[in-house]
Amino acid sequence: MTSAANLTPDAPAADRIPVILERLHQEYPDARCALHHENPLQLLVATILSAQCTDERVNQVTPELFARYPTAEAFAQADLEELEQAVRSTGFYRNKARNIQQACRRIVAEYGGQVPDTMEELLTLPGVARKTANVVLGTAFGIADGIVVDTHVKRLANRLGLTQESNPEKIERDLQALVPREEWIDISHLLIFHGRQVCSARKPRCAACVLNDLCPSAQV
DNA sequence: ATCCCGAGGG
DNA sequence: CCCTCTGGAT
């Protein structure tokens with residue numbers, strides 16, 4: 001669709017990025033956060049639960065979870081074993097339950113029960129690093145402080161030759177240098193959608209990929 | 001580098 | 001069985 005003129009897979013990433021973004025926007029016009037949530041706290045909790053777990057499974061446990069614990073205060077006062085059982089099917093359930101409760105206790109004690117909206121403050125919460133903080137800032141607050149680098153973004157950035165790094169923070173810096181800031185929130189959703197539907201970890205469907213002609217890793 | 005941890009796909 | 005799923009802390 002988009003004319004790639006003389007672009008080839010070995011062209012500089014900076015030259016391929018505009019075409020990659022344009023094609024992914026066209027392919028996934030509704031790409032957005034797939035975690036069900038109604039407020040920043042729900043998104044924070046859902047994102048903590050999403051570690052090494054599909055968003056689909058997170059969405060399976062959150063309706064009951066948010067009904068039982070409607071506020072940061074409720075999570076803060078929860079019986080830990082009950083909270084563990086409520087999130088059990090998402091894996092890493094002891095760590096996740098403890099982090100959610102400890103984070104909520106700090107949110108109650110230090111932020112009046114409201115999720116903070118700065119990277120610096122979010123990073124002080126237990127169980128929250130740059131990936132989770134970027135999700136909350138971008139999707140709950142519309143703040144493009146950084147770029148979400150999850151397992152999909154990492155895999156696709158490497159396959160597409162947008163970075164040579166394996167460290168997520170270095171990948172984020174490379175992407176920040178390549179992508180205009182107004183696309184920082186969208187690009188992660190686009191790469192995640194494409195990673196799920198086409199560029200899967202185990203068996204990428206290169207024949208059906210709209211980036212095929214621009215991808216250094218494309219299989220014949 | 002290692003541990004946490006369940007569930008589904010191939 | 002082995003790999004993967006919107007990672008983070010030690």
Side-chain angles (χ1 to χ4, degrees), chain A residues 24 28 30-37 40 42-62 64-65 80-107 119-141 143-160 162-163 165-172 175 179 183-206 219:
Chain A
L24 291 179
Y28 312 105
D30 299 319
R32 52 184 165 75
C33 179
L35 296 169
H36 296 167
H37 63 281
Q42 290 187 353
L43 181 59
L44 173 65
V45 171
T47 306
I48 291 174
L49 292 178
S50 73
Q52 299 296 293
C53 176
T54 62
D55 56 341
E56 186 179 354
R57 179 154 299 280
V58 173
N59 290 336
Q60 208 171 316
V61 308
T62 47
E64 195 173 334
L65 187 69
L80 186 54
E81 290 188 14
E82 285 183 15
L83 184 54
E84 287 179 353
Q85 290 312 307
V87 303
R88 185 177 182 280
S89 67
T90 66
F92 300 160
Y93 63 92
R94 291 191 187 90
N95 284 340
K96 288 176 180 178
R98 177 171 39 80
N99 285 335
I100 288 168
Q101 180 160 70
Q102 294 302 321
C104 283
R105 287 180 177 173
R106 292 218 29 246
I107 288 170
M119 176 65 75
E120 182 180 4
E121 291 170 315
L122 286 168
L123 290 179
T124 68
L125 300 176
V128 177
R130 288 196 64 85
K131 182 264 176 180
T132 299
N134 275 323
V135 169
V136 171
L137 287 172
T139 295
F141 296 118
I143 298 171
D145 191 285
I147 296 177
V148 172
V149 178
D150 66 357
T151 182
H152 291 299
V153 174
K154 174 180 178 179
R155 182 179 69 253
L156 269 68
N158 277 291
R159 284 181 176 170
L160 285 166
L162 306 181
T163 181
E165 303 289 347
S166 59
N167 178 296
E169 294 193 15
K170 293 183 178 176
I171 294 175
E172 185 181 355
L175 291 178
V179 178
E183 297 279 3
W184 281 13
I185 295 175
D186 282 352
I187 185 155
S188 296
H189 297 141
L190 293 169
L191 292 177
I192 289 166
F193 269 58
H194 194 58
R196 279 204 291 255
Q197 298 182 24
V198 178
C199 193
S200 56
R202 203 175 284 186
K203 201 180 102 180
R205 299 170 46 233
C206 297
Q219 307 288 319

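Side chains are part of it too, since the values below use all heavy atoms of this structure and drop only hydrogens, waters and symmetry mates. Convention: sequence-line order gives letters A, B, ...; per-chain numbering from 1. Here the structure is a predicted model, which is why all the values come from computation and not from measurement.
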Q. Nearest of C/dG7, B/dA7, C/dT6 to any side-chain atom of A/Ala51?
A. C/dG7

Q. With a 4.0 Å cut-off on heavy atoms, is A/Pro168 in touch with a base, just the backbone sugar-phosphate, or nothing at all?
A. nothing

Q) What is the nucleic acid contact for A/Val128, judged by heavy atoms within less than 4.0 Å: base, sugar-phosphate only, or nothing? A) sugar-phosphate

Q. Reckon A/Arg57 touches a base, only the sugar-phosphate, or nothing at all at heavy-atom distances under 4.0 Å?
A. sugar-phosphate

Q: Measure distances between side-chain N and O atoms of A/Arg202 and base N and O atoms of C/dC3, and say whether any donor-acceptor pair falls under 3.5 Å.
A: yes

Q | Nearest-nucleotide pick for A/Arg196, side chain only, options being C/dT6, B/dA7, C/dC5 | A | C/dT6

Q) Can you check the A/Gln52 CD to B/dG6 P distance for me, whole Å? A) 14 Å

Q.
Please pick, from C/dG8, B/dA7, C/dC5, the nucleotide with the shortest atom-to-atom distance to any side-chain atom of A/Thr132.
A. C/dG8

Q: Classify the nucleic acid contact of A/Thr90 as base, sugar-phosphate or nothing, counting any heavy atom under 4.0 Å across all strands shown.
A: nothing

Q. Distance-only, no hydrogens or angles: does the A/Arg130 side chain make a donor-acceptor pair with backbone N or O of A/Gly146 under 3.5 Å?
A. no

Q.
So is the aromatic ring of A/Phe92 stacked onto the base of B/dG6, judging by whether the centres are under 5.5 Å apart and the planes are under 30° apart?
A. no

Q. Among the nucleotides B/dC5, C/dG7, C/dT6, which one has an atom lying closest to any side-chain atom of A/Arg94?
A. B/dC5

